[in-house]
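Some notes on the structure that comes next.
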Amino acid sequence: MDISHIFDDLNDAQREAVAAPPSPLLILAGAGSGKTRVLTSRIAYLVEAHGVSPLSIMAVTFTNKASREMRSRIEDMLGLPMGGMWIGTFHGLAHRLLRFHYQEANLPQTFQILDSDDQLRMVKRSLKELALDEAYWPPKQLQWYINGHKEEGRRPANVPVENDPQQKTMLAVYSHYEDLCQRFGLIDFSELLLRAFELLKNNQVLRERYQERFQHVLVDEFQDTNSIQYGWLRLLVQKSHCLFAVGDDDQSIYGWRGAKVENILQFEKDFPDTKVVRLEQNYRSTTNILNAANAVIENNTTRLGKNLWTAGEQGEPVKLYTAYNEQDEATFIIGQIQAWVEQGGLRSETAILYRSNAQSRTFEERLLNVGMPYKVYGGLRFFERAEIKDALAYLRLCDSNDNDPSFERVVNTPTRGIGNKTIDIIREYARQNQLSMWEASNRLIASTQLTSRAQTALATFINLIQEIRSQIVDQDLFQQIEIMLDLSQLIEHFKKEKGEKGEARVENLQELVTAARGYEIDETEDDLAPLSSFLAHASLEAGEGQAEEWEDCVQLMSLHTAKGLEFPLVFLTGLEEGLFPHQRSLEEGSGRLEEERRLCYVGMTRAMKQLWLTHAESRRLYGSEKYTSASRFLSEIPDEMVQAVRVKPKTSYVAPVRKHSAWVDDQSAHESGVAVGMNVSHPKFGEGTVVNLEGHGEYARIQVNFSDVGSKWLVLAYANLTQL
DNA sequence: GTTGTGCGCTTTTTT
DNA sequence: AGCGCACAAC
């Protein structure tokens with residue numbers, strides 16, 4: 001078979017990785033070095049050149065988006081559907097495994113997935129049942145504690161017990177939480193992974209079956225795996241040893257949530273015959289951008305060592321803008337984007353990146369002001385919205401009566417006279433008799449322990465759920481949802497909510513029906529009822545943030561969100577000590593600063609053509625105004641690699657002495673006598689401030705930020721400006 | 001059962 | 001500052 005199409009566009013290192021003989025492979029792939037391409041090419045190569053069946057390949061990613069992309073790219077390359085191939089996220093594949101072997105995993109067939117919200121509720125419930133005060137035992141912290149242990153593979157019995165009462169209490173909560181989940185067949189995200197791991201670890205028959213089935217296992221973003229994920233992979237490839245791991249230690253930015261870069265080092269120890277391939281040629285950024293990014297990341301001590309290079313052009317210098325405050329920062333950036341657009345660029349080619357989401361606000365206000373379309377990534381996603389969760393809770397309750405988080409969610413939504421008092425009684429009764437709240441309610445209704453009002457209300461609710469369940473059998477998925485919305489009166493409930501908020505909620509509910517209409521059940525899930533499949537899907541995939549139409553708009557997102565993406569024009573903002581690197585990271589120590597630096601590296605390497613670094617000298621954050629000093633990351637870039645642009649204050653503001661004097665006004669003197677920071681007047685555009693200068697003589701161009709019309713590039717010779 | 005008031009917190013995010 | 005949450009008052 002002709003397999004040249006797989007290799008045609010690959011460089012030597014990429015080819016080496018793709019065509020390596022079967023063995024453990026560790027691909028250290030720098031930013032923009034084509035790692036996804038290598039991963040997909042490897043699969044295509046295995047199938048076409050070695051005749052490996054897609055059925056014996058597993059490819060694991062972290063996000064649903066990445067796994068979808070991978071699947072479609074492989075299908076494009078091979079020209080055939082890859083239905084039988086296990087491509088998915090760690091959680092998705094673990095879920096599949098547990099569904100197939102629910103008995104061996106000691107789960108009910110109807111086990112349900114708890115998302116982090118549900119999990120938090122369960123933690124709170126555990127606290128309550130143990131009579132612990134939430135004020136002393138913050139539920140969030142307990143949730144973090146529980147997940148932390150699970151991610152390290154520790155069950156309550158394996159948590160080292162010291163004679164510390166605080167530790168003991170936390171452990172008791174973990175233990176109780178686990179009992180509750182087990183009793184009602186509820187599985188949180190980390191449990192999904194831990195169960196799947198234990199399933200293979202403890203069940204020799206299954207383990208060997210899967211070890212034989214999966215001759216090749218491939219992982220993307222290996223540096224982001226946590227202990228249990230890596231352990232699971234190791235079990236799977238114990239026989240074949242064919243683990244193909246692609247990762248970049250310099251882009252490890254999820255240590256705070258349990259990711260272990262050390263897994264990269266451990267890999268070579270666990271598999272002594274590992275072949276390591278480095279992908280160091282970058283196809284994304286200009287030399288200038290790459291050099292600056294390399295200069296920053298070099299300051300990290302714990303690196304495997306790798307130096308990205310590019311055969312591409314030198315490009316524009318990396319530029320630095322020092323703003324007075326966050327408002328000025330936003331104004332300046334938007335001026336630059338306007339200039340970019342005027343020169344024929346697309347808004348969607350530009351990205352404003354920030355360390356923390358709170359920073360997006362200023363940018364949004366300014367963008368709204370000038371009427372420039374933008375899209376903010378992050379924030380609440382579709383399946384996380386309250387109204388959607390309510391609707392899903394109804395469905396879940398119909399699907400599985402013992403789902404307590406769902407029960408609590410909708411028992412009084414819309415309000416039907418079941419107040420906290422009644423719910424407390426149900427909860428307490430359930431706890432004492434080891435029942436689900438559904439069961440407890442049924443018994444309470446039959447007893448005389450409730451007021452007659454509560455008794456009636458509760459019975460109405462139970463009947464409602466049963467009514468919905470009986471009406472939705474044998475209906476299409478979307479009709480099931482419509483029936484549920486109708487009988488539960490959720491739509492009416494949200495219609496009453498005043499303002500746009502209510503409208504938006506109703507729209508979202510309608511959108512849910514649409515989503516259900518278009519929902520296609522995965523063929524590996526044909527053992528599941530469509531509704532169950534849809535519900536699992538909703539738990540495992542929270543959906544897009546905003547389901548907006550595709551418009552040409554400026555992209556706003558956090559640095560974490562930007563990982564894996566690229567943009568011709570990037571603004572890396574808020575480069576200030578305390579904000580980036582973040583104060584919390586500075587305080588926590590132990591490698592957190594290096595992680596911040598990697599984050600900076602990730603941000604810088606998103607840029608293809610032009611990278612702007614910005615910081616403000618004063619910033620309003622958490623209500624108060626603070627003077628800030630420039631981020632240490634800025635001083636790590638040699639001066640000659642950065643071109644500083646600085647606007648002089650309009651008023652009598654005196655700039656503080658800068659640490660890096662070379663940044664100040666190095667552009668200010670121009671042969672024409674015009675200087676950055678000068679206030680000028682234009683016959684048509686009015687008054688403004690010079691923010692940038694380039695070129696010489698008659699080609700000299702000048703960028704002016706006009707107070708009325710925003711930022712404009714003008715040819716100096718024709719601009720007809722007067723100095724103010 | 002809804003509506004108001006005060007308090008406390010405030011990084012990053014996927015599943 | 002602004003938001004979410006918990007508890008208190010209507």
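Naming: A, B, ... by sequence-line order, numbering from 1 per chain.
A cation-pi arrangement, defined by a distance under 6.0 Å to the six-membered ring centre and an angle within 45 degrees of its axis, is absent between Arg366(A) and Phe363(A). Judged by the 6.0 Å and 45° rule, Arg195(A) forms no cation-pi pair with Phe197(A).
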Table of protein N/O atoms under 3.5 Å from nucleotides 3-10 of chain C N/O atoms:
none

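Under the side chain to side chain donor-acceptor pair (under 3.5 Å) criterion, Thr36(A) pairs with no residue at all, not counting sequence neighbours. Under the side chain to side chain contact (heavy atoms under 4.5 Å, CB included) criterion, Glu134(A) pairs with Lys124(A), Leu127(A), Pro139(A), sequence neighbours left out. Not counting sequence neighbours, the partners of Thr362(A) by the side chain to side chain contact (heavy atoms under 4.5 Å, CB included) test are Glu326(A), Gln327(A), Ala330(A).
Here the C1' atom of nucleotide dA1(C) and the CD atom of Glu326(A) are 12 Å apart, to the nearest Å.
For the residue pair Thr61(A) and Ser67(A), the shortest heavy atom distance occurs at OG1-CB, 3.2 Å.
Screening residues 110-148 of chain A for ring-ring contact (aromatic ring centres under 6.0 Å, His included) gives His95(A)-Phe111(A), Tyr145(A)-His149(A) as the qualifying pairs, with residues at least two apart or on separate chains.
Within 4.0 Å of Asp224(A), counting heavy atoms only, lies no atom of the nucleic acid at all.
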*Protein proximity profile, nucleotides 6-15 of chain B - base contact B, sugar-phosphate-only contact S, no contact -, cut-off 4.0 Å on heavy atoms*: ----BBBBBB

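In this structure, Glu587(A) places its CD atom where more than 12 heavy-atom neighbours from other residues, nucleotides or ligands lie under 6.0 Å away.
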